[in-house]
2 protein chains.
Amino acid sequence: MPKLHALDRVDRKLLNLLQKDNQTPTRTLAEKVHISQPTCLRRIRELREAGVISADVALVDPFALGYGMLAFLEVSLNNQSDEHMQEFEARMGKEAEVMQCYFVSGDYDYFLVVHVIDMDAYYQFVRRVISGSGNVRHFQSRFPMKRAKFATRIAFDEKQAEVQVRVPK
Amino acid sequence: MPKLHALDRVDRKLLNLLQKDNQTPTRTLAEKVHISQPTCLRRIRELREAGVISADVALVDPFALGYGMLAFLEVSLNNQSDEHMQEFEARMGKEAEVMQCYFVSGDYDYFLVVHVIDMDAYYQFVRRVISGSGNVRHFQSRFPMKRAKFATRIAFDEKQAEVQVRVPK
DNA sequence: GCTGAAATCACACATTA
DNA sequence: TAATGTGTGATTTCAGC
């Protein structure tokens with residue numbers, strides 16, 4: 001059952017800052033939002049505990065590391081029973097190459113974003129994971145030539161007075 | 001011109017750890033990879049400076065914040081000149097709702113991942129940004145009903161001895 | 001919101017391979 | 001000689017008031 005957590009202007013400004021850089025000392029953040037350093041720290045801790053901030057991580061650019069190739073996979077299943085869909089999702093959850101997996105409306109079932117080193121690695125992946133799955137009726141690849149935008153942050157409006165937020169779990 | 005940066009076992013283990021949590025003290029990390037604390041810190045700093053770690057951020061779950069709706073947009077442009085494509089990409093770069101934007105091969109030009117509060121907000125977005133753009137010939141929406149996987153980390157093989165890596169810029 | 005103790009970060013230098 | 005480990009001061013976190 002989702003709890004409610006109110007985000008005021010200060011919280012939203014903090015979130016905007018932390019989503020760009022979570023390594024800056026709380027003292028510096030405190031100055032930017034015009035509160036004291038301990039208050040700043042306390043608010044950030046509450047945001048983490050409430051689950052508004054789900055994780056604090058280092059981002060590694062796949063393209064900088066030889067994972068130079070990106071592929072989209074549109075997949076249709078043979079058997080769409082809840083059991084088989086859960087099985088497919090669990091499988092994708094385990095495969096490191098699968099960066100994103102969505103169950104979608106329309107003419108196919110799943111949309112995958114796959115990161116691989118090169119075309120050969122992609123071919124190996126498709127043979128092993130997709131056509132080797134046993135429950136894939138049809139699939140089609142689509143190749144992004146350029147990733148023009150990849151945002152990990154949500155822009156919070158800093159003007160609004162207060163925002164009610166549904167926090168899961 | 002891409003520089004080369006060698007990643008040994010220790011670097012890769014550090015990257016695996018930091019991609020899960022970048023708030024743990026360097027001392028703890030150092031123990032886990034069996035090096036001293038200052039060495040650990042130095043290696044992390046080098047990974048940041050080399051651009052292997054592109055950013056350190058707090059992650060906010062969109063679904064936890066009322067951005068409960070996700071949409072895919074498949075967009076075809078009228079004018080595919082370099083100038084018009086750059087203009088489109090710049091526009092998408094500025095729009096907060098657009099989380100991802102790819103230039104793709106196939107029967108349409110751009111694939112967008114859009115985060116909005118609800119269907120009405122999505123309608124407003126489409127009217128303002130897409131059909132109001134002047135250079136969109138055709139577009140189609142597709143609605144993900146479930147985000148089964150969204151990975152921000154790359155799994156590094158910790159067994160291999162050393163890996164050469166192309167670092168951009 | 002303020003102050004102080006505990007912990008962490010980050011540097012200079014010695015050491016080793 | 002280049003990279004790691006040791007010791008030490010400056011910052012930062014975080015509890016009590």
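Keep in mind that this is a model prediction, so the values were computed, not measured. Residue numbers start from 1 in every chain, and the chains themselves are labelled A, B, ... in the order their sequence lines are given, proteins ahead of strands.
The nearest whole Å value for the distance from the CZ atom in B/Arg27 to the P atom in D/dT6 is 11 Å. Rounded to a whole Å, the CG atom of B/Asp8 is 14 Å from the C1' atom of D/dA2. The CD atom of A/Gln23 sits 15 Å away from the P atom of C/dT8 (whole-angstrom rounding). Counting to the nearest Å, the C1' atom of D/dA3 and the CG atom of B/Asp11 are 12 Å from each other. Per the geometry, CD belonging to B/Glu46 stands 9 Å off C1' belonging to D/dA3, to the nearest Å. Taking atom CZ on B/Arg43 and atom P on D/dA3, their separation rounds to 10 Å, with Å as the unit. With rounding to whole Å, A/His34 atom NE2 is found 13 Å from C/dG1 atom P. The distance between atom CG of B/Leu29 and atom P of D/dG5, rounded to the nearest whole Å, is 15 Å.
With salt bridges taken as basic N to acidic carboxylate O contacts below 4.0 Å, one links B/Glu31 and B/Arg27. Of the charged side-chain nitrogens involved, none lies within less than 4.0 Å of a carboxylate oxygen, so that B/Arg12 and B/Asp157 do not count as a salt-bridged pair.
Distances from the side chain of A/Pro25 to the nucleotides D/dT13, D/dC14, D/dG7 place D/dT13 closest. Closest to the side chain of A/Gln37, out of D/dT13, D/dT4, C/dG1, is D/dT13. Of the candidate nucleotides D/dG5, C/dG1, C/dA10, C/dG1 has the atom nearest to the side chain of A/Ile35. Nearest nucleotide to the side chain of A/Pro38, out of D/dA15, D/dT6, C/dA10: D/dA15. With C/dC9, C/dC11, D/dC14 as the candidates, the nucleotide lying closest to the side chain of B/Arg45 is C/dC11.
Of the side-chain N and O atoms in A/Thr26, one or more sit less than 4.0 angstrom from OP1 or OP2 of D/dT13. Look at B/Thr39 and you won't find any side-chain N or O under 4.0 angstrom from OP1 or OP2 of D/dT4.
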Would you check, one step at a time, whether the test salt bridge (charged side-chain N to carboxylate O under 4.0 Å, His left out) holds for B/Arg128 with B/Glu97?
CA-CA 12 Å; B/Arg128 182 171 58 83; B/Glu97 290 93 338; 3.6 Å; yes
Under the criterion salt bridge (charged side-chain N to carboxylate O under 4.0 Å, His left out), I'd like the reasoning laid out for B/Arg48 against B/Asp56: C-alpha separation, chi angles, the key distance, then a yes or no.
CA-CA 9 Å; B/Arg48 292 204 178 113; B/Asp56 287 87; 2.8 Å; yes
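Between A/Tyr122 and A/Phe143, the distance from one ring center to the other falls under 6.0 angstrom.
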